[in-house]
> 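The structure is given below, and queries will be raised subsequently.
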Number of protein chains: 2
Amino acid sequence: MHVRTLCLGALALGDASGYEIKKLFEEGVFSHFSEASFGSIYPALTKLTDDGLLTCQAHSQEGRPDKKVYSLTELGRKTFQEALFQPIQPDKYRSDFLFSLVFANQMPAARISEILNNKLEELKEELKRIEAGGGVSKAPSGDLVKEFGAHVTVSMIEFLEKNRSRIEALGCETETRSRTPCEAIG
Amino acid sequence: MHVRTLCLGALALGDASGYEIKKLFEEGVFSHFSEASFGSIYPALTKLTDDGLLTCQAHSQEGRPDKKVYSLTELGRKTFQEALFQPIQPDKYRSDFLFSLVFANQMPAARISEILNNKLEELKEELKRIEAGGGVSKAPSGDLVKEFGAHVTVSMIEFLEKNRSRIEALGCETETRSRTPCEAIG
DNA sequence: AACTTCATGTAACGAGTTACATGATTAT
DNA sequence: ATAATCATGTAACTCGTTACATGAAGTT
């Protein structure tokens with residue numbers, strides 16, 4: 001899904017500025033399953049406006065750039081509606097954590113523990129953010145998406161905690177990283 | 001994580017050709033949490049060999065290009081070991097499915113059902129592939145990664161099935177997509 | 001004093017995907 | 001017959017990120 005469609009979706013929840021849309025991807029509803037940076041949002045908003053999918057109202061402010069609040073036009077709303085009927089791309093889950101875990105037998109137990117604890121902490125913080133999630137209420141389906149995220153996150157935490165000792169037991173005996181298996185053999 | 005590191009990891013599980021590495025990302029151990037295409041794997045392998053991290057042995061075959069089997073050099077193994085000690089990037093979960101679900105109230109119930117059923121089918125097939133997963137056994141930690149994937153996938157399926165009626169109830173009354181909310185008002 | 005928040009925008013750069021080029025063999 | 005599998009490789013292209021430019025107000 002392109003940034004343009006993501007922006008259209010953000011604005012379908014209510015008028016907003018580029019800065020506010022960014023926050024939606026950083027801390028808001030969308031933060032757990034999508035992302036977008038200023039470098040992609042601002043040009044997208046400009047293009048969308050040029051194409052007649054958005055209108056823009058500039059609110060002048062003192063000491064900072066005008067706040068440009070964007071709204072969907074009829075065409076913009078229709079275009080987004082149509083996007084909702086397009087085939088949905090399969091989800092993508094990219095995890096350097098799991099990738100590393102495949103090589104647990106090449107790591108000292110201490111490193112595995114470290115990775116595991118970091119991950120667990122990351123997951124717990126994400127869970128907090130999901131449950132706090134204030135911006136979610138804008139859409140009636142927000143609660144559901146929130147619950148889904150919480151459910152999955154909890155299930156990851158549970159698995160990792162239940163299998164902690166098993167995971168740590170995979171580590172090799174190597175005490176420092178300078179002593180690689182190859183060197184140990186040679 | 002760059003393709004180069006991913007390739008190094010793939011080869012840490014055993015010597016392989018570019019074609020075989022691709023399969024690892026398509027159906028093998030890595031398929032559920034990472035991906036890479038030929039267009040990135042082949043150049044990466046060439047570069048890695050130029051840099052002395054890999055050696056390459058060409059096996060000539062009839063009627064097809066030489067099969068080039070790559071192996072990690074000492075330097076390659078060491079470099080990968082070091083990568084395992086680098087800070088791990090947070091996981092990224094991109095879901096057009098959840099994004100769409102936020103706008104369930106702008107879809108007719110039939111479309112929601114369709115999306116939900118597709119997703120459920122996708123998840124069930126993924127679960128099958130995870131449980132089948134033959135290539136996983138190469139690493140001792142393969143089972144664990146496999147179980148993690150299965151656990152999370154099952155938890156997603158459960159949530160979606162338990163909440164099916166609740167999700168479908170979010171839909172709007174609009175029967176066809178040509179009758180958008182805006183048009184209904186006007 | 002230093003950092004965070006608010007606020008927009010651009011340009012260079014990076015990294016990977018898609019599509020193309022080539023072609024025999026095997027399974028349906 | 002038709003499609004899939006095996007097998008490598010390149011070039012154009014897409015898309016987005018990172019970093020920079022600018023700067024005031026409020027917070028620690």
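Bear in mind that the values here come from a model prediction, so they are computed numbers and not experimental data. Values reported hereafter were calculated over all heavy atoms of this structure, with side chains retained and with hydrogens, waters and symmetry mates removed. Convention: sequence-line order gives letters A, B, ...; per-chain numbering from 1.
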> In this structure, how many angstroms lie between the C1' atom of C:dC6 and the CD1 atom of A:I21, rounded?
15 Å
> How many whole angstroms separate atom CD of A:E26 from atom P of C:dC6?
10 Å
> Return the value, rounded to whole Å, for the distance between atom CD of A:Q89 and atom C1' of D:dT14.
15 Å
> Starting at atom CG of A:L6, determine the distance to atom P of D:dC15, rounded to an integer number of angstrom.
13 Å
> Quick one: do A:F148 and B:N163 satisfy side chain to side chain contact (heavy atoms under 4.5 Å, CB included)? Show the steps, please.
CA-CA 10 Å; A:F148 182 90; B:N163 292 280; over 6 Å; no
> Side-chain contact test, heavy atoms from C-beta onward, threshold under 4.5 Å: evaluate it for A:K119 versus B:D91 and give yes or no.
yes
> Starting at atom CG of A:D66, determine the distance to atom C1' of D:dA24, rounded to an integer number of angstrom.
14 Å
> Mind grabbing the angle between the end helix axes of the helix from C:dA1-D:dT28 to C:dT28-D:dA1? Five pairs an end, 10° rounding.
50°
> Quick one: what's the B/S/- string for nucleotides 21-28 of chain C, heavy-atom cutoff under 4.0 Å, read 5' to 3'?
---SS---
> Does D:dC6 have OP1 or OP2 sitting under 4.0 Å from an N or O in the side chain of B:Y19?
yes
> Return each pair, listed once, that meets salt bridge (Lys or Arg N to Asp or Glu O under 4.0 Å) where at least one residue sits in residues 151-164 of chain B; pairs must be two or more places apart or across chains.
B:K124-B:E161, B:R164-B:E168
> Once you round to the nearest 0.5 Å, how far does CG of B:L170 lie from CE of B:M107?
9.5 Å
> Please verify the inter-ring angle class for B:F25 with B:F30; under 30° counts as parallel, over 60° as perpendicular, anything in between as tilted.
tilted
> Show every salt bridge (Lys or Arg N to Asp or Glu O under 4.0 Å) that has at least one partner inside residues 104-115 of chain A, sequence neighbours left out.
A:R111-A:E114
> Can you pull out every side-chain hydrogen bond (donor to acceptor under 3.5 Å, both in side chains) where at least one residue sits in residues 37-54 of chain B? Sequence neighbours excluded, please.
B:K47-B:D51
> Over 60° means perpendicular and under 30° means parallel, so classify the ring planes of A:F80 and B:F103, tilted if in between.
perpendicular
> Return the polar atom pairs (N/O with N/O) between nucleotides 9-16 of chain C and the protein under 3.5 Å, or none.
{"from": "C:dG9", "atom 1": "OP1", "to": "A:K68", "atom 2": "NZ", "distance (Å)": "2.1"}
{"from": "C:dG16", "atom 1": "OP1", "to": "B:V3", "atom 2": "N", "distance (Å)": "3.1"}

> May I ask you to verify if any side-chain N or O of A:Q61 is less than 4.0 angstrom from the OP1 or OP2 atom of C:dA7?
yes
> Could you state the atom-to-atom distance from CD of B:Q57 to C1' of D:dT8 in whole Å?
17 Å
> State plainly whether the residues B:K23 and B:E20 are in salt-bridge range, i.e. N to O under 4.0 Å.
no
> Going by heavy atoms in the side chains, are B:F85 and A:P108 under 4.5 Å from each other?
yes
> Would you check if B:Q57 and B:T55 make a side-chain contact, meaning some heavy-atom pair closer than 4.5 Å?
no
> Could you state the atom-to-atom distance from NZ of A:K23 to C1' of C:dT5 in whole Å?
9 Å
> Using whole Å, report how far NZ of A:K92 lies from C1' of D:dC15.
12 Å
